[in-house]
Amino acid sequence: MRTLTSVLCLLVLGCSASNHHQEETDHLVQMHSDIWNMMGLSESAQKELNNFVLHVNTNIQLNEVEHPAKMDKIEVKRDPNWQKQTHEEYMQKHRERFTKLGVSESTQKELFGAMNVVWRALRDPNVPAEQKAMAEKIRDMMKELPACCDDAIFERAAR
């Protein structure tokens with residue numbers, strides 16, 4: 001019932017707000033899909049991950065409509081030292097996030113395999129230039145994503 005009420009609140013805001021939210025969601029899913037494709041993830045892994053993107057983004061949008069004052073108080077929390085993370089810290093932080101989301105083991109396995117390739121390509125001077133360029137593009141695209149590496153994302157998306 002609460003979800004139905006939330007959806008109705010979004011509808012009451014009018015078509016322009018709904019269109020804006022839909023465009024924002026479509027763009028966010030497309031950005032993620034482009035990254036998943038570049039990482040070589042399977043169709044099933046991409047579908048699962050995009051479902052999480054949709055779920056989290058929808059919850060954030062609903063919370064922004066229903067509780068704007070509360071949402072304004074939640075600060076984006078990004079690790080200022082993310083570039084200094086060790087490989088183990090980087091993987092552990094993502095493992096925790098994927099576990100909280102409920103990402104399946106098979107999708108996590110694919111993601112971690114692809115993440116290892118990207119990590120290595122960004123740091124190993126012996127990696128072919130084409131692979132390094134692809135890894136740099138993936139890294140840059142990830143930086144463009146709004147708050148995906150935000151440690152407060154679960155608080156913002158809580159329902």
Side-chain angles (χ1 to χ4, degrees), residues 3 19-65 67-68 70-159:
T3 302
N19 286 341
H20 171 73
H21 284 278
Q22 188 60 50
E23 288 173 12
E24 178 184 293
T25 299
D26 291 346
H27 180 67
L28 188 61
V29 170
Q30 185 60 54
M31 289 173 69
H32 280 86
S33 293
D34 291 345
I35 292 168
W36 308 146
N37 281 323
M38 290 176 69
M39 293 175 87
L41 299 183
S42 69
E43 187 177 326
S44 63
Q46 289 186 42
K47 186 175 182 177
E48 178 181 351
L49 292 169
N50 282 337
N51 282 334
F52 286 114
V53 170
L54 284 169
H55 178 74
V56 168
N57 192 58
T58 299
N59 284 356
I60 290 171
Q61 288 175 345
L62 290 172
N63 285 339
E64 287 172 346
V65 169
H67 312 288
K70 179 181 173 185
M71 293 296 284
D72 286 343
K73 292 179 185 176
I74 301 172
E75 292 184 36
V76 172
K77 298 175 190 166
R78 293 185 188 209
D79 184 353
N81 299 314
W82 68 270
Q83 290 179 314
K84 297 177 184 177
Q85 288 180 339
T86 66
H87 181 259
E88 293 76 25
E89 291 168 334
Y90 173 79
M91 294 304 227
Q92 183 58 36
K93 191 163 199 137
H94 281 83
R95 186 171 285 109
E96 290 168 5
R97 182 171 282 124
F98 298 156
T99 299
K100 281 183 186 177
L101 285 170
V103 176
S104 71
E105 285 295 319
S106 61
T107 296
Q108 283 193 43
K109 184 177 178 181
E110 281 189 53
L111 268 171
F112 286 122
M115 289 167 61
N116 278 320
V117 169
V118 171
W119 180 274
R120 181 175 166 260
L122 292 172
R123 288 160 181 79
D124 185 345
N126 299 317
V127 169
E130 185 178 294
Q131 189 177 359
K132 184 173 185 73
M134 179 69 76
E136 288 171 343
K137 186 168 183 170
I138 291 169
R139 177 201 58 207
D140 294 345
M141 290 172 73
M142 292 296 288
K143 287 181 188 177
E144 292 176 25
L145 293 173
C148 277
C149 292
D150 170 14
D151 290 333
I153 196 164
F154 294 104
E155 184 179 356
R156 294 172 46 236
R159 299 288 303 151

Can you name the residues that form a salt bridge (charged side-chain N to carboxylate O under 4.0 Å, His left out) with D26, not counting sequence neighbours?
-> none

Just wondering, more than 12 heavy atoms not from E75 lying within 6.0 Å of its CD?
-> no

Under 3.5 Å, side chain of E155 to main-chain N/O of A152, donor-acceptor pair present?
-> no

Answer yes or no: does atom CE of M38 have more than 12 heavy-atom neighbours from other residues, nucleotides or ligands under 6.0 Å?
-> yes

Closest approach of Q61 and T25, non-hydrogen atoms and distance?
-> NE2-OG1, 3.2 Å

Smallest separation among heavy atoms of Q85 and K93, with atom names = NE2-CD, 3.6 Å

Residues passing the side chain to side chain donor-acceptor pair (under 3.5 Å) test with S33, sequence neighbours excluded, are N50

How far does OG of S42 sit from NZ of K109, to the nearest 0.5 angstrom?
-> 12.0 Å

Any side-chain donor-acceptor pair under 3.5 Å between R159 and N63?
-> yes

By side chain to side chain donor-acceptor pair (under 3.5 Å), S106 pairs with (sequence neighbours left out) S104

The side chain to side chain donor-acceptor pair (under 3.5 Å) partners of H87 (sequence neighbours excluded) come to N116

Have Q92 and E96 got a donor and an acceptor in their side chains that come within less than 3.5 Å?
-> yes

Look up atom CD in Q46 and atom CG in N51, then write down how far apart they are to the nearest 0.5 Å.
-> 12.0 Å

Test log, rule side-chain contact (heavy atoms from CB on, under 4.5 Å), inputs L54 and L28 | CA-CA 9 Å; L54 284 169; L28 188 61; over 6 Å; no

Indicate the atoms forming the closest heavy-atom contact of T107 with A45, along with that distance.
-> OG1-CA, 3.7 Å

Residue pairs passing the ring pair (Phe, Tyr, Trp, His ring centres under 6.0 Å) test where at least one lies in residues 38-64, sequence neighbours excluded | none

Does the side chain of N57 reach to within under 4.5 Å of the side chain of V29, using non-hydrogen atoms?
-> no

Taking all non-hydrogen atoms of both residues into account, name the closest pair between Y90 and M115 and its distance.
-> CE2-CE, 3.5 Å

Inter-residue atom distance N126.CG - R120.CZ, 0.5 Å rounding | 8.0 Å

Going from CG on N59 to CD1 on I153, what distance comes out if it is rounded to the nearest 0.5 angstrom?
-> 10.5 Å

Find out whether I35 and L41 are in side-chain contact, i.e. whether some heavy atom of one side chain is under 4.5 Å from a heavy atom of the other.
-> no

Output yes when a side-chain donor or acceptor of E136 lies under 3.5 Å from a complementary backbone atom of L122, and no otherwise.
-> no

Euclidean distance, E110 CD relative to E105 CD, rounded to 0.5 Å | 12.5 Å

Side-chain (R123) to main-chain (W119) donor-acceptor, under 3.5 angstrom | yes

Measuring from R156:CZ to I60:CD1, what's the distance to the nearest 0.5 Å?
-> 4.0 Å

Main-chain N/O of V103 paired to Q108 side chain as donor or acceptor, under 3.5 Å | yes

K70: side-chain contact (heavy atoms from CB on, under 4.5 Å) partners, not counting sequence neighbours | H67

Kindly determine whether M31 and M141 satisfy side-chain contact (heavy atoms from CB on, under 4.5 Å), including the steps that lead there.
-> CA-CA 8 Å; M31 289 173 69; M141 290 172 73; over 6 Å; no

Nearest atoms (heavy-atom pairs only) where E64 meets H21 = OE1-CE1, 4.5 Å

Which heavy atom of Q131 sits nearest a heavy atom of A121, and at what distance?
-> O-CB, 3.9 Å

When you look at M39 and I138, which way does the side-chain contact (heavy atoms from CB on, under 4.5 Å) test go after all the steps?
-> CA-CA 8 Å; M39 293 175 87; I138 291 169; 3.9 Å; yes

